[in-house]
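Reviewing the structure listed below.
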There are 2 protein chains.
Amino acid sequence: MAATLREVAERAGVSVRTVSNVVNDFPQVATETRARVQRALDELGYQPNAVARTLRNGRSGLIALVLPELDVPYFAELTRAVIEQAAVAGYTVVVDQTDGDPVRERELVMRGSRAAMFDGLIFNPLALGGADLRNRASSTPVVLLGERVVQGGLDHIMIDNVGAAELATRHLIELGRQRIAAIGDQFDETRQTGQLRTQGYRAALRAAGRQVIPELVRPTEYFHRADGAAAMADLLALPELPDAVFCYNDLLALGALRTILSRGLRVPDDIALVGFDDIEDGRYSTPSLTTISPDKTQIAKNAVQLLLNRLDGDSSAPAELPADYTLQIRESTTGQDASR
Amino acid sequence: MAATLREVAERAGVSVRTVSNVVNDFPQVATETRARVQRALDELGYQPNAVARTLRNGRSGLIALVLPELDVPYFAELTRAVIEQAAVAGYTVVVDQTDGDPVRERELVMRGSRAAMFDGLIFNPLALGGADLRNRASSTPVVLLGERVVQGGLDHIMIDNVGAAELATRHLIELGRQRIAAIGDQFDETRQTGQLRTQGYRAALRAAGRQVIPELVRPTEYFHRADGAAAMADLLALPELPDAVFCYNDLLALGALRTILSRGLRVPDDIALVGFDDIEDGRYSTPSLTTISPDKTQIAKNAVQLLLNRLDGDSSAPAELPADYTLQIRESTTGQDASR
DNA sequence: AGCACTACTTGCAACGTTGCAAGCCCAGCA
DNA sequence: TGCTGGGCTTGCAACGTTGCAAGTAGTGCT
C-alpha cells in the first residue's frame with residue numbers, strides 16, 4: 001500500500017534519486033521533470049518512510065518525555081507545556097509513563113533499545129538515582145526534570161524545594177497559625193522531594209523561633225489524594241488539632257480538604273491549607289487552594305532548549321537550571337482569592 | 001558511541017550474522033562461540049538499533065495514542081489504562097496531544113509521515129470527521145475512540161451517549177427535581193458529544209412527561225472547568241433557579257459546583273449536580289460528584305485488542321464496540337456517597 | 001574410504017532513504 | 001570541429017539489521 005520512491009520513479013520514468021530530489025525540494029530539477037514526478041507522487045499518494053529516513057539521517061524528529069504518572073495533573077500540565085515548546089522547534093513529543101517502576105525507567109532511559117527511536121529524552125525520574133544514571137549505556141542526550149537530587153553529570157532542571165517549602169510555611173506563620181502540620185514527608189532514599197520540603201518546613205519554623213512537633217509531620221507513601229485524605233484523618237485524631245497544614249502537593253491538599261470538610265470543620269477558619277504545584281483542580285476547589293506555583297512554562301522551555309542544544313552538538317558542562325516559583329494566595333489560607 | 005553488530009563481530013572474530021544470532025537467542029550457536037560473542041557484546045555495551053530493526057522487520061513495537069488534551073483528567077486516566085493494556089502485549093504506547101487542532105490531527109493521523117513510525121494508532125478525534133478519515137493516505141491501522149460519530153468504515157469504540165445522558169437525567173427526575181438544567185450543549189457540527197447528550201437529556205424529560213425549557217440548556221464552547229463555572233453563573237442569573245443540573249462532563253460540573261458554593265447555595269440541598277466521566281477529582285470534591293462512569297479499562301482493553309488484531313492481519317469488517325457505563329451515585333445528588 | 005548427515009557459520013541481499021561524485025547532454029565559443 | 005561549462009540526472013554505497021540459502025567442517029555409518 002505505502003508507495004516507495006522506487007515505485008514513484010518507475011511510474012514517472014526517472015531515477016529514484018530524482019524523485020528524492022523532488023520530494024526534498026532540491027532546486028536542480030527541471031521544471032518539466034518536477035511536474036511529471038509530482039504527478040506520480042500524487043497519483044500513488046507517496047508518503048516518505050520516516051523509519052528509513054531516520055536510519056539514513058540519524059534524526060527522527062521525536063523527543064521522548066518520560067514521566068512517572070500522566071494522570072497526576074502536575075505532570076499532565078507540564079506535558080502540555082513541553083509539547084508546545086518542542087513544537088516550536090519542529091519536534092514531536094512522545095510521552096511515556098513509568099509509574100516510577102525502576103524496571104520501566106531503566107528500559108526506557110538506560111538501555112538504548114527503545115530510547116534509540118528518539119533524538120533526545122526529557123526524564124523525570126522517580127526510582128532511578130544518580131548512580132544508575134551515571135553509567136547509562138545509551139548516548140541519547142537526556143535532560144532531567146524534577147526534585148530528585150541527581151548528581152549524574154547530566155543537565156537538570158529543578159526548583160528550589162527547600163526555599164519554596166520555607167516560603168509556604170512562612171506564609172502560614174505570618175497568618176498567625178500556631179500548630180502548623182505538614183503532610184508528605186518521605187524516608188525512602190529514592191524519594192527526596194518529601195525530605196527537601198520537610199527541610200524547608202523546619203527551617204521556616206526554626207526561623208520563627210518555633211519548635212518542630214514530630215507528630216505534626218506526617219509521612220505518606222505517595223502524593224495522591226487518598227494519601228492526603230488519610231494523613232489528614234490521622235491529624236484530626238490527635239488530642240490537639242493543627243490549625244494549619246502544609247501539604248507537599250496539591251493532590252495531598254485536596255485529599256486533606258475533603259477530610260476536613262467532611263468532619264464539619266472549616267477552611268481556612270479552623271484549618272488553613274497550603275499546597276504545592278498549582279494544578280487547575282486547586283483553582284476550582286471550594287475553597288480555592290493557596291499553593292506554590294512553579295513556572296511550568298519556564299521549566300518546559302528550559303528543558304527543551306537544553307536538549308536541543310545538546311542535539312546541536314553542544315558539549316559544554318552539564319547545566320543545573322533552577323526554575324522560578326511564586327506563592328499563589330487563595331481562599332484556603334486567607335478566605336480571599338488574590339489570583340483571580 | 002553506540003556499537004553496531006559489525007563492531008562486535010570484528011572484536012569477537014566472527015561474522016555479523018553470528019552476532020545477530022547470539023543477540024536474538026538463536027539456538028544454532030556453539031556454546032563456546034556464544035560465550036565469546038557475549039563477552040564482546042558486553043565489553044562494547046552493544047544495544048540493538050531500534051530504527052534499523054524497524055526498517056528491516058516492518059514492526060516498531062510502538063503504538064500511538066492521539067488525544068485532544070492530556071491535561072483533561074478523563075484522557076489522562078484513559079491513557080493510563082491504554083498504556084497498561086498495551087504493555088501486556090509487549091507494546092509501548094506513545095502519546096500525542098492535538099488540542100483538537102485539525103492541522104495537527106491531520107498531520108499525525110492522516111498523512112503517514114509521522115504516523116509511519118508506529119505500528120498502529122488509537123485516535124480520539126475532535127476536529128476530523130468521517131469524511132476526512134475515509135480517505136486516509138496512510139495504511140497504518142487505526143482504532144477510533146470517543147463520542148464523535150464517525151462513519152468511516154473504521155474500528156470504533158464509543159459509549160452510548162444518548163442512553164447514558166438519559167440515565168443521568170432520569171436519576172435527577174427520580175429524586176423529585178423539578179427544574180433540571182443541562183450544561184454542555186454544542187452546535188458545532190464537529191462536536192457531537194454535546195448534541196448526543198442533549199438528546200438523552202430531552203428523551204428523559206419527555207419520558208417523564210416534562211417540558212424541555214430552552215433557557216435551561218446551556219451551550220459551552222469547551223468542556224473545561226471555566227466553561228462550567230460561567231454557564232452556572234448564567235443559570236443563577238435566571239429569574240427562576242434550577243434545582244438540578246446535568247453537566248456533560250465532570251470538569252463542567254466541578255466548575256459549576258465552585259460557582260454554586262461561592263454564591264452560598266448548597267449542593268445537593270438547593271441544587272443537585274450530575275457529571276460525566278467519573279474522574280478522580282470528582283470523587284474527592286466536597287460534595288463528591290454523582291457521575292456517569294464509563295468503563296475506561298474496558299475501553300482501553302478493547303481498543304488495544306482491536307488494534308492488535310489488525311496488526312495480526314485481521315481484515316474482517318470494522319467493528320463498532322460499545323463500552324459499558326454505570327451511574328455512580330454520590331453526595332452531589334443524594335448527600336450520600338454510595339461508591340465508597 | 002566414501003557418503004550422508006548434523007552442527008554450526010557465513011555471504012548476500014534487502015528494508016527505503018539520501019550524500020557523494022560522476023555522468024550525460026547540449027549550448028556556446030574559439 | 002573540438003573543447004568547456006552548466007544544467008540536469010543518475011548509480012553507487014551506506015545507515016544497521018535480519019531472512020534466506022549456501023557454505024564448511026566434523027561425525028558416524030556402511
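Where A:Arg6 and A:Phe26 each meet DNA chain C at their nearest nucleotide, the meeting point lying more 5' is that of A:Arg6. Residues B:Ala30 and B:Arg56 each lie close to DNA chain C; by heavy-atom proximity, the contact nearer the 5' end of the strand is made by B:Ala30.
Residue-level contact check: B:Thr33 touches the backbone only, with heavy atoms under 4.0 Å from sugar-phosphate atoms and none from bases. Base engagement by B:Asn21 is indicated by at least one non-hydrogen atom pair under 4.0 Å involving a base atom. Contacts of B:Thr18 with the nucleic acid, taken as non-hydrogen atoms under 4.0 Å apart, include base atoms. B:Arg17 comes within 4.0 angstrom of a nucleotide base, judged by non-hydrogen atoms across all strands. Note on B:Asn24: only backbone sugar-phosphate atoms sit closer than 4.0 angstrom, heavy atoms only; bases stay farther off.
Along DNA chain C, the stretch of nucleotides lying under 4.0 Å from any heavy atom of chain A spans, 5' to 3', C:dC15 to C:dC20.
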A:Arg53/A:Asn49 under side chain to side chain donor-acceptor pair (under 3.5 Å): CA gap, chis, key distance, verdict: CA-CA 6 Å; A:Arg53 279 191 167 171; A:Asn49 180 316; over 6 Å; no
Audit row: A:Arg11, A:Tyr46, side chain to side chain donor-acceptor pair (under 3.5 Å) steps and yes/no: CA-CA 12 Å; A:Arg11 184 174 193 109; A:Tyr46 173 79; over 6 Å; no
Step-by-step side chain to side chain contact (heavy atoms under 4.5 Å, CB included) determination, A:Phe75 to B:Leu70: CA-CA 9 Å; A:Phe75 289 123; B:Leu70 276 169; over 6 Å; no
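Rounding to the nearest 0.5 Å places CG of B:Asp99 at 4.5 Å from CZ of A:Arg80.
Counting heavy atoms from C-beta on, the side chains of B:Pro68 and B:Asn124 come closer than 4.5 Å.
Using a 4.0 Å cut-off between charged nitrogen and carboxylate oxygen, B:Asp277 and B:Lys296 do not count as a salt-bridge pair.
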